[in-house]
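Heads up: the structure comes next, in structure tokens.
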There are 2 protein chains.
Amino acid sequence: MQTPVSAQTFYAGEFQHAIDEKNRITIPARWRRDEAEEFILLPDSQNQFLLVMSPEEFARMSASVEQSASVTARDGRIFLRQLHSRAQHGIADKQGRLVLPEELCRKIGLKGEVALVGGRGRFEIWNVARWKRAHEEETATYQHVANVIGL
Amino acid sequence: MQTPVSAQTFYAGEFQHAIDEKNRITIPARWRRDEAEEFILLPDSQNQFLLVMSPEEFARMSASVEQSASVTARDGRIFLRQLHSRAQHGIADKQGRLVLPEELCRKIGLKGEVALVGGRGRFEIWNVARWKRAHEEETATYQHVANVIGL
DNA sequence: TCCACTTTGCCCCATTTTTAACCACCACCG
DNA sequence: CGGTGGTGGTTAAAAATGGGGCAAAGTGGA
């Protein structure tokens, strides 16, 4: 692997893009690494949003579950089984667009406008309306912590 | 990392500049390090002003949250999530101007004239009117503390 | 089992919109 | 007056978007 954990990709910012009738989403140019990049698509446990990450990041995530002290070996196995069956491959086309399977879009409610939310090692794709709602809830926590650490 | 904490950049002073219709702000010449410098743009938790810092400084900030004893693990996670999604990359052009995303300007109310306020490792960009108000409030506290420590 | 026929995915091209590089001026300060 | 720093506009490049067409894969019937 070329990227050590400490140099994890950082997807900065938040974007709002269209998703067209063919379920294609343009990945922000600043987030692109190489042409025809490969991603793992993973709906979150509540089907609220779609997690997108590199195969390497996915491997890291799997590994961290296995090593977690707070999860029993049995639960870990079951979790990983589901994790792998829920995950899908996604490949960006030469225009830098990610094509999403029809069913995923329906399940998560991705249509028209979607929000792309950056993060460390991964990013999320949301239905815009739902994202705004979820975002506001988190803002309270954000402000609280910001005050504590003086930001 | 090349810059040790002790050699943190210090942006001295306070400037008042125009922001043009393309949302470009000239960074004071004295604050410039290299050509086409890269910054992280982070709105403060109340959207009162825009924090600008180097990627290194941002990494330091993230790390300090993770290590803070006064924040629970869960709150820390939520905070970091938001921190990373709120932050944006900004690159200065060859004239030494920072281009701000349209939405950030709207959210924080940056238009026409803005105030650039220096600090340790970072600086802030304010709406002029709001800055003056906040500044006056702070001046009282400053004088009080100055008297206490004999400055 | 083989041959239509439909469906889906992928690739490429064209258009519009946005972003970044470049150039030129003005104004202030030494 | 001369250089540096700040500002405004123009041009060129890149990104976002939309649609068309070919090819491979899947389906059903003879």
Side-chain angles (χ1 to χ4, degrees), chain A residues 9 11-41 50 52 87-107 110-118 123 125-128, chain B residues 9 11-41 50 52 87-107 110-118 123-128 131:
Chain A
T9 320
Y11 301 103
E14 194 188 309
F15 298 82
Q16 206 158 309
H17 278 173
I19 177 170
D20 65 22
E21 292 115 34
K22 290 167 149 183
N23 299 329
R24 296 179 298 190
I25 298 179
T26 306
I27 296 170
R30 297 182 173 175
W31 290 1
R32 292 182 205 154
R33 298 310 218 161
D34 15 74
E35 276 210 354
E37 202 173 352
E38 194 189 346
F39 293 100
I40 300 289
L41 313 176
L50 183 68
V52 184
Q88 310 217 11
H89 277 283
I91 300 178
D93 68 15
K94 300 218 169 145
Q95 274 67 41
R97 288 181 289 196
L98 198 55
V99 187
L100 303 183
E102 170 67 30
E103 189 186 324
L104 266 186
C105 290
R106 218 168 7 82
K107 204 158 64 174
L110 302 178
K111 216 178 120 187
E113 287 277 302
V114 298
L116 296 159
V117 184
F123 60 90
I125 305 180
W126 288 74
N127 169 300
V128 169
Chain B
T9 321
Y11 301 103
E14 190 188 313
F15 299 82
Q16 203 158 314
H17 280 171
I19 176 169
D20 64 23
E21 294 115 35
K22 290 160 136 190
N23 300 328
R24 296 180 297 191
I25 298 180
T26 306
I27 296 170
R30 297 178 175 179
W31 290 359
R32 294 180 204 156
R33 301 308 239 138
D34 15 74
E35 277 209 354
E37 200 173 352
E38 194 189 344
F39 293 100
I40 299 288
L41 313 176
L50 183 68
V52 183
Q88 309 234 357
H89 279 285
I91 300 177
D93 67 16
K94 298 212 172 153
Q95 275 67 43
R97 287 182 291 194
L98 201 53
V99 187
L100 304 183
E102 170 68 29
E103 191 185 322
L104 267 186
C105 291
R106 217 168 8 83
K107 205 158 64 174
L110 302 177
K111 216 177 120 187
E113 287 279 301
V114 298
L116 296 157
V117 184
F123 59 90
E124 301 166 3
I125 305 179
W126 287 73
N127 169 302
V128 169
W131 164 244

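Order of the sequence lines fixes the chain letters, A, B, ..., with proteins taken first and strands second; residue numbering starts at 1 for each chain.
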Whether the A:Glu38 and A:His89 side chains hold a donor-acceptor pair (N or O, under 3.5 Å, no angle test) is what I'd like checked. yes
Going 5' to 3' along DNA chain C, between which two nucleotides do contacts with chain A fall, using a heavy-atom cut-off of 4.0 Å? C:dC10 to C:dA20
Nearest heavy-atom neighbours spanning B:Leu116 and B:Thr26: CD1-O, 3.8 Å
Answer whether the closest heavy-atom distance between the side chains of A:His17 and A:Glu113 falls below 4.5 Å. no
Let's see if you get this right: which residues in residues 90-98 of chain B place a heavy atom under 4.0 Å from DNA chain C? B:Lys94, B:Gln95, B:Arg97
Does D:dG6 have OP1 or OP2 under 4.0 Å away from a side-chain N or O of B:Arg32? yes
Donor-acceptor pair, B:Arg32 side chain versus B:Ile27 backbone, under 3.5 Å? yes
Does a donor on one side chain and an acceptor on the other come within less than 3.5 Å for B:Trp131 and B:Glu14? yes
Residue pair A:Ile25 / A:Val114: nearest heavy atoms and the distance that separates them: CD1-CG2, 4.0 Å
Quick one: label B:Arg30 by what it contacts on the DNA or RNA (base, sugar-phosphate, nothing), any heavy atom closer than 4.0 Å. nothing
Residues B:Leu100 and B:Cys105: closest non-hydrogen pair is CB-SG, 3.7 Å
Could you identify which residues of residues 18-29 of chain A place a heavy atom less than 4.0 Å from some atom of DNA chain D, listed by residue number, or say none? A:Ala18, A:Asp20, A:Glu21, A:Lys22, A:Arg24, A:Thr26, A:Ile27, A:Pro28, A:Ala29
Of all heavy-atom pairs linking A:Val117 and A:Trp31, the shortest is C-CH2, 4.0 Å
Which whole-number value in Å describes the distance from B:Gln16 CD to D:dG6 P? 14 Å
Check A:Ala87 against A:Ile40 and note the closest heavy-atom contact, atom names and distance. CB-CG2, 3.8 Å
Heavy-atom pair with the smallest gap, counting every atom of A:Phe123 and A:Gly118: CB-CA, 4.1 Å
